[in-house]
Amino acid sequence: MSKASAVHLSFMYDLIVIGGGSGGLAAAKEAARLGKKVALFDYVKPSTQGTKWGLGGTCVNVGCVPKKLIHYAANIGTILHHDTSNYGFEVTSTFRWSNLIQTVQNHVKSLNFSYRSGLFSSGVEYINSLANLEDRHTVLFKRNNEIMKYTTEHILIAVGGRPNISESVPGALEYAITSDDIFSLSKPPGKTLIVGASYIGLETAGFLTELGFEAIVAVRSIPLRGFDRQCSEKVVSMMKEYGTRFLEGVVPINIEKIDDELKVVFSNGYTEQFDTVIYATGRYPDTKYLKLNEIGVHLTSNNKIIAPNDTTNIPNIHAIGDVVDGRPELTPVAIKAGILLARRLFGNSKEFIDYKYIPTTIFTPIEYGSIGYSSEAAIAEYGEDDIEEYLFEFTTLEIAASHRYKVESSRMDSGDFYMSPNSFAKLITVKSLDNKVIGFHFVGLNAGEITQGFSLAIKLGTKKSDFDSMIGIHPTDAEVFSDLSITRRSGESFIATGGCG
Ligand code: FAD
């Protein structure tokens, strides 16, 4: 530790990491494991509504972890309300938002603690301060109102991103919340408007709907931009059957507080009142405080760091995770990038991440997992004639037996109002590459688990004939991938008629 006036003859650290999220923590611990002297800065600036949290970054505190726990709670709600009595249980239930939030926050806090102790036991020095750069080897921060300087051979920037809220919409900054706030909200959100149909918007709308809140999504253009269109439409249609409402082609233009409610005026003139408004309109890189421009680090026009191969234009300044231009904004990507970077810098490794065929899953009520190309991207790259799409739509056995109803018809006693098939499977192959599978898509229960399993095969370059020779596990949803024979090109119906084969 040194004060601003001190002169350094050599660097104090081998590596300073700025950002204690998924990527930064992984890189810091790996560098320390390789025998290096490492310090890590992590500091959370409060959200627009004043929410703060502990060590671990977005995923643990306001992302993957609390989201998945609430998704689980929401799925319990659906099973309780739709399936239990048909499976023999007579259950009456009362849902308490405060109990759910307490469970989620208790778990998050236990993870904050384990990250702190993990850094300690790895020998990484943790500093809970906002850091910025003085020059390419010097990091500045405040301690007890004094400016401190640490010098280092390498700097790793892993500061992630934060949610956007439109500053041009009157009332938005003042009244709207974001994913930074929802997972610790002290009172139930009530009737909620979700602005934006990104994956975070749809996941939020999905869990609120399943928990029994009225959830309405304002979609400016198309939901789940960048994902396979047919699968995205399936996700949205299932959400509608669960009871989520969609306002198409609109954005809020004014938000005003009237008594305890938020009156929202939309771009088409329509108005409606809500208890809560959540913005889920993308995220911006958290680079503003670092003064990167001043020391010459190249940024994109939207302030993402340009770091091909995880190193910037300044050779000792590196960057990983959500803050880097062109990277999939996913925790396992940030973690893997951090570990591999540390090994390249300090462990003689030459290994880089392979960004092809990274699996991902959207945790909507009916999940959607995907690997590789969407139909649209496959056709754009290989041409329509060279692409084959294998499709199948079916109902999960357990849901079929419990006769799940569409929400709007839940009091009707007619088979006509049962939910549509809840599962949709799609493989995309390239004919000229011996039917190599370049796209795997599954909308269905446990899509996250299923997609992770198949991701190894897709990464290893599996062919459609390998899928065909696979023996299924019966009765499961995933077994459908051993028997996909209906192509989109054929025009045949790809909706199952039921039964076991
Ligand atoms: P972060 O985890 O964002 O960490 C950056 C850290 O740096 C933060 O703690 C920040 O406060 C700190 N920091 C910033 N500036 C400074 C500074 N100047 N000095 C000190 N500290 C600073 N990914 C998945 O893989 N699966 C999911 O299901 C999933 N769900 C998500 C759900 C939501 C609602 C959100 C918002 C994200 C989700 N993600 C998911 C994305 C995932 O959280 C991110 O990809 C991941 O956290 C990125 O890690 P990172 O290391 O780049 O940055």
Side-chain angles (χ1 to χ4, degrees), residues 16-28 39-47 51-71 112 115 126-133 139-142 150 155-164 177-183 194 196 198-207 278-292 304-305 307 310 319-324 327-339 341 358-364 367-369 447-448 451-452:
I16 287 186
V17 178
I18 304 181
S22 312
L25 285 167
L40 177 140
F41 288 84
D42 189 62
Y43 182 84
V44 179
K45 296 176 287 297
S47 76
T51 311
K52 285 203 76 176
W53 51 89
L55 178 63
T58 303
C59 179
V60 167
N61 294 285
V62 287
C64 337
V65 169
K67 176 273 295 290
K68 184 79 188 298
L69 295 177
I70 296 186
H71 171 63
N112 296 147
Y115 281 121
Y126 162 54
I127 301 128
N128 179 212
S129 296
L130 194 63
N132 66 56
L133 304 187
V139 174
L140 297 180
F141 65 103
K142 266 192 190 164
Y150 277 2
I155 293 173
L156 172 58
I157 302 169
V159 293
R162 297 297 288 265
N164 290 319
I177 65 167
T178 65
S179 55
D180 280 356
D181 310 296
I182 181 75
F183 304 114
I194 297 96
S198 60
Y199 86 89
I200 292 174
L202 295 196
E203 287 178 341
T204 307
F207 68 63
I278 303 183
Y279 265 72
T281 50
R283 296 171 63 79
Y284 66 87
D286 198 5
T287 45
K288 197 169 123 199
Y289 297 84
L290 292 171
K291 305 192 176 150
L292 294 174
K304 282 219 166 186
I305 298 176
D310 310 327
I320 53 165
D322 287 9
V323 76
V324 178
R327 295 284 185 270
E329 295 187 3
L330 294 169
T331 273
V333 173
I335 293 174
K336 185 72 91 188
I339 292 172
L341 175 72
I358 289 176
T360 187
T361 289
I362 300 172
F363 293 95
T364 35
E367 298 175 6
Y368 166 31
T451 306
Q452 181 70 78

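Each residue takes its place number in the sequence, starting with 1. For ligands, and for the atoms within them, numbers begin at 1 and follow the listed sequence. Bear in mind that the values here come from a model prediction, so they are computed numbers and not experimental data.
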#### Entry: Atom indices of ligand 1, in the order listed, that fall short of 4.0 Å to a heavy atom of Val159
5 (C), 7 (O), 14 (C), 15 (N), 16 (C)

### Task
Indicate the atoms forming the closest heavy-atom contact of Gln452 with Pro359, along with that distance.
NE2-CG, 4.3 Å

### Query
How does Tyr199 reach ligand 1, if at all, at less than 4.0 Å between non-hydrogen atoms: by side chain, backbone, both, or neither?
side chain

### Message
Against the six-membered ring of Tyr43, is Lys52 placed for a cation-pi contact (under 6.0 Å from the centre, within 45° of the normal)?
### Response
yes

### Query
Nearest to atom 44 (C) of ligand 1 by heavy atom, Val324, Thr58, Asp322, Ile127: which?
Asp322

### Task
For Ser129, counting its heavy atoms only, list the atoms of ligand 1 lying under 4.0 Å from any of them.
19 (N), 20 (C)

### Ser198 side chain to Ala280 backbone, donor-acceptor under 3.5 Å
yes

### Message
When you measure from the heavy atoms of Arg162 to every atom of ligand 1, does any distance fall below 4.0 Å?
### Response
no

### Task
Please could you name the atoms of ligand 1 that Pro332 approaches to less than 4.0 Å, counting only its heavy atoms?
25 (O)

### Query
Looking at residues at least two apart in the chain, or sitting in another chain, which of them share a ring pair (Phe, Tyr, Trp, His ring centres under 6.0 Å) with Phe363?
His71

### Task
Closest by any non-hydrogen atom to atom 32 (C) of ligand 1: pick that one out of Gly63, Gly21, Ala27, Gly23.
Gly63

### Query
Identify the closest protein heavy atom to atom 53 (O) of ligand 1: which residue and atom is it, and at what distance?
Gly160 CA, 3.4 Å

### Distance from atom 11 (O) of ligand 1 to nearest protein heavy atom, with residue and atom
Tyr43 O, 2.8 Å

### Query
Side chain or backbone of Asn61 under 4.0 Å from ligand 1, or both, or neither, by non-hydrogen atoms?
neither

### Query
Under the salt bridge (Lys or Arg N to Asp or Glu O under 4.0 Å) test, which residues partner Lys304, sequence neighbours left out?
Glu329

### Message
Given Thr331, Leu40, Thr360, Val323, identify the one with the heavy atom nearest to atom 25 (O) of ligand 1.
### Response
Thr331

### Message
For the backbone of Arg162 and the side chain of Asp286, can you confirm whether one donor and one acceptor N or O come within less than 3.5 Å of each other?
### Response
no

#### Entry: Student check: side-chain heavy atoms of Arg327 and Asp310 closer than 4.5 Å
yes

## Note on the structure
Nearest non-hydrogen protein atom to atom 41 (C) of ligand 1, with distance, is Glu329 O, 3.6 Å

### Message
So, taking the atom named CD1 in Ile155 and the one named CG in Leu292, what distance separates them when rounded to the nearest 0.5 Å?
### Response
9.5 Å

### Query
Hey, does the side chain of Asp42 reach the backbone of Ile127 with a donor-acceptor pair shorter than 3.5 angstrom?
no

### Message
Students should be able to answer this: which protein heavy-atom is nearest to atom 34 (C) of ligand 1, and at what distance?
### Response
Val62 O, 3.6 Å

#### Entry: Protein heavy atom at shortest distance from atom 7 (O) of ligand 1
Gly19 CA, 3.2 Å

### Query
What is the closest protein heavy atom to atom 17 (C) of ligand 1, and at what distance does it sit?
Leu130 CD1, 3.5 Å

### Task
Compute the minimum heavy-atom distance from Phe41 to ligand 1 and say whether it is under 4.0 Å.
yes

### Query
Quick one: are Lys291 and Leu140 in side-chain contact, heavy atoms under 4.5 Å?
no

### Query
Quick check: are there more than 12 heavy atoms from other residues, nucleotides or ligands sitting under 6.0 Å from NZ of Lys288?
no

### Query
Considering only protein heavy atoms, which is closest to atom 14 (C) of ligand 1, and at what distance to one decimal place?
Asp286 OD2, 3.2 Å

### Task
Just go through Ser198, Gly161, Cys64 and tell me whose heavy atom is the nearest to atom 27 (C) of ligand 1.
Cys64

### Query
How are the rings of Tyr150 and Phe141 set to each other: parallel, tilted or perpendicular (split at 30° and 60°)?
perpendicular

### Message
Tell me if a side-chain donor or acceptor on Asp322 pairs with a main-chain N or O of Gly161 at a distance below 3.5 Å.
### Response
no

### Query
Which ligand 1 atoms are under 4.0 Å away from a heavy-atom of Gly321?
52 (O)

### atom 19 (N) of ligand 1: nearest protein contact (heavy atom, Å)
Ala131 N, 3.0 Å

### Query
Relative to the heavy atoms of Arg283, which atoms of ligand 1 are at a distance of less than 4.0 Å?
36 (C)

#### Entry: ligand 1 atoms in contact with Ser179 (distance to a heavy atom under 4.0 Å)
34 (C), 36 (C)

### Query
Just how far is it from atom CG of Asn132 to atom NZ of Lys142, taken to the nearest 0.5 Å?
10.0 Å

### Query
Looking at ligand 1, does any of its N/O atoms fall within less than 3.5 Å of an N/O of Ile320?
no

### Task
Inspect the contact between Asp180 and Lys45 and indicate whether a charged nitrogen and a carboxylate oxygen are less than 4.0 angstrom apart.
no

### Message
Below the 3.5 angstrom mark, is there an N/O of Asp42, backbone or side chain, next to an N/O of ligand 1?
### Response
yes

### Task
Using a strict 4.0 Å cut-off to heavy atoms of Cys59, name the atoms of ligand 1 that fall inside it.
43 (O), 47 (O)

### Query
At a 4.0 Å threshold, what atoms of ligand 1 neighbour a non-hydrogen atom of Lys67?
27 (C), 28 (O), 29 (C), 30 (N), 31 (C), 32 (C)

